[in-house]
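For reference, the structure discussed in these notes is given below.
Within every chain, numbering begins at 1; the chains are lettered A, B, ... in the order of the sequence lines, protein sequences first and strands thereafter.
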Amino acid sequence: MQVKPNIPKGTRDFPPGEIIRRELILNIIKETFTLFGYQPLETPAMENLSTLLGKYGEEGDKLLFRILNSGDFLENVTEEELLRRDSSSVSSKICEKGLRYDLTVPFARFVVQHRNEITFPFKRYQIQTVWRADRPQKGRYREFTQCDVDVIGSDSLLNELELLRVIDEIFARLKVPVTIKINNRKILAGLAGKAGAADRLTDITTAIDKLEKTGKDAVIAELREKGLSEQVIDGLTPVFEIKGDNYEKLTGLRKILSGSHEGMKGIVELETLTRYLDPDPLRCGYQIDLALARGLNYYTGAIIEVKADGVNIGSICGGGRYDNLTGIFGLEGVSGVGVSFGAERIYDVMLQQGRFENVSTAPCRVLIINFGADEYVYALKILKKLHSSGVSAMIYPGDAKIGKQMAYADSLNIPYVALAGEDEIKNGEVTLKNMVTGKQQRISLEETGNLFP
RNA sequence: GUGGUCGUAGCUCAGCUGGUUAGAGCGCCAGAUUGUGGCUCUGGAGGUCGCCGGUUCGAAUCCGGUCUUCCACCCCA
């Protein structure tokens with residue numbers, strides 16, 4: 001039976017032209033990471049579920065891809081458990097591994113596991129695929145590439161500052177106009193504490209997160225729906241009213257959070273960071289956004305999100321500080337901060353802005369026409385000459401009429417074609433044709449490689 | 001996970017309220033043109049109309065299910 005060629009929902013193929021354009025992005029990101037002194041790291045596609053579960057909140061756990069155990073995976077499941085049809089308890093028995101959901105948690109696991117070999121503060125970057133069982137949409141895939149940079153083992157705000165500069169540098173190099181939005185979890189925690197609902201921080205932050213999208217009233221309605229008291233809600237509403245530039249927002253916050261030790265700490269952190277930027281401002285936008293919350297519940301300090309100006313595709317980069325992530329794996333007192341760039345979304349933004357139109361997708365610069373078995377030896381000489389000069393080139397892979405070989409070069413956008421038949425061979429020459437202008441010239445075999453810059 | 005939406009040739013799409021052999025443009029292949037691509041002309045290949053089932057004398061068209069696409073929510077890169 002024939003199988004229909006198909007790939008799973010939310011995944012995609014990357015044809016040659018797409019890879020070439022993608023690499024442009026990934027190379028800039030990687031170069032910039034390296035420029036700032038970050039070291040590369042790779043971890044396995046799958047982790048033990050115990051590593052992954054509980055790090056991303058309840059929603060996150062649902063979005064983990066689980067890997068079925070090999071062999072007789074039902075061995076340890078009792079009849080009763082199957083009859084109860086309790087998916088979550090059965091799945092914990094038949095799956096012990098899962099695909100990584102992000103790169104931060106595997107990184108934290110790595111740091112604890114290798115704590116004795118690592119020199120702290122450890123600055124690493126990691127560019128790998130992650131998987132989420134989300135329902136796909138535009139700019140949202142089930143398999144996508146994240147480019148993470150983190151500094152772990154230092155609680156200095158200078159790291160946040162550096163990451164802001166890394167973000168600025170990367171998007172400046174990519175020529176993608178963006179705005180960085182920043183907030184601090186301590187401010188949100190302070191607010192929740194002030195309002196007398198410190199234990200409901202997650203509910204409060206996810207509601208506040210929607211402020212910009214749905215408006216103040218909808219947020220209040222959601223808070224009510226979640227069972228928060230009017231008193232608590234009244235305590236939170238002053239934040240919704242704060243307006244103005246970054247410093248005005250901080251001043252407004254100081255009034256609301258006076259007396260909250262944690263809240264004030266958050267304000268000081270944000271303010272310090274903002275002042276650090278004053279003498280040498282970023283090229284991109286930089287906004288304190290008190291509605292920014294982020295659902296990933298391991299963040300404890302600064303939270304950062306980057307939006308492409310004028311493109312509605314969600315955030316293209318995000319991250320923050322996490323103080324306790326390694327604690328779960330048995331290493332306390334190690335604070336980290338990092339951000340993650342979404343390769344697919346950056347690609348989509350740049351595609352939408354027509355930024356790839358002049359990118360050449362040709363496999364090589366020269367196609368050498370294959371005239372037949374006798375001439376092939378000479379064609380190989382041309383090939384060697386070109387290769388030794390660092391010019392990418394290939395001989396037409398097969399036998400075909402000259403016209404077909406030319407058409408091959410044309411359809412692959414190969415800019416030059418080299419021809420050498422009986423006549424050229426006799427004189428030790430090559431005919432080189434420029435496929436764009438259509439002009440061709442005879443040159444000696446010796447100088448073949450030198451004609452290219 | 002909730003609600004909605006789409007699915008016809010490689011691509012973009014047409015196909016009126018069910019009625020003979022399902023079309024177009026582009027692309028592809030071959031020839032005109034056996035050492036020269038793009039332009040032109042001529043010819044050709046390619047479709048179980050997403051899949052399964054139902055209604056009907058008859059289904060691309062109607063109904064149900066399922067998968068996929070896209071959108072909103074949720075969440076996020």
*Whole Å only: how far is the CG atom of D61(A) from the P atom of C76(B)?*
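That distance rounds to 13 Å.
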*Whole angstrom is fine here: how far is it from CD1 in I369(A) over to P in U34(B)?*
16 Å
*Pick the P atom in A9(B) and in G15(B), then give their distance to the nearest Å.*
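Per the computed distance, 15 Å lies between those P atoms.
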*asked:* When the C1' atoms of C63(B) and G25(B) are compared, how many Å lie between them, rounded to an integer?
replied: 34 Å
Does a salt bridge link [X] with [Y], judged by any charged N lying under 4.0 Å from a carboxylate O?
X       : Y       : value
E446(A) : K385(A) : yes
E162(A) : R165(A) : no
R345(A) : D348(A) : no

_On RNA chain B, compare the nucleotides closest to D410(A) and P8(A); which residue's is nearer the 5' end?_
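That would be D410(A).
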*Identify, between Y408(A) and E305(A), the residue whose nearest nucleotide on RNA chain B lies closer to the 5' end.*
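Residue closer to the 5' terminus by nearest nucleotide: Y408(A).
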*Could you please name the partner base of A32(B), counting Watson-Crick and G-U wobble pairs only when both distances are under 3.5 Å?*
U40(B)
*asked:* What's the closest nucleotide to the side chain of R140(A) if the choices are G35(B), C74(B), C76(B)?
replied: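 My answer, after comparing the listed nucleotides, is C74(B).
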*Between F144(A) and A77(B), do the rings stack, that is, sit under 5.5 Å apart with planes less than 30° off each other?*
yes
Any side-chain N or O of [X] less than 4.0 Å from the OP1 or OP2 oxygen of [N]?
X       : N      : value
Q137(A) : A72(B) : yes
K401(A) : A30(B) : no
K138(A) : C70(B) : no
K404(A) : U34(B) : no

Ignoring hydrogens and angles, answer whether the base of [N] and the side-chain atoms of [X] contain a donor-acceptor pair closer than 3.5 Å.
X       : N      : answer
E424(A) : G35(B) : yes
K433(A) : U36(B) : yes
Q405(A) : U36(B) : no

_If only side-chain N and O atoms count, and only distance matters, is there a donor-acceptor pair under 3.5 Å linking Q126(A) with R124(A)?_
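Side chains of R124(A) and Q126(A): pair found under 3.5 Å.
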*So do the side chains of I180(A) and E305(A) get within less than 4.5 Å of each other, counting heavy atoms only?*
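They are not in contact (no side-chain heavy atoms under 4.5 Å apart), so the answer is no.
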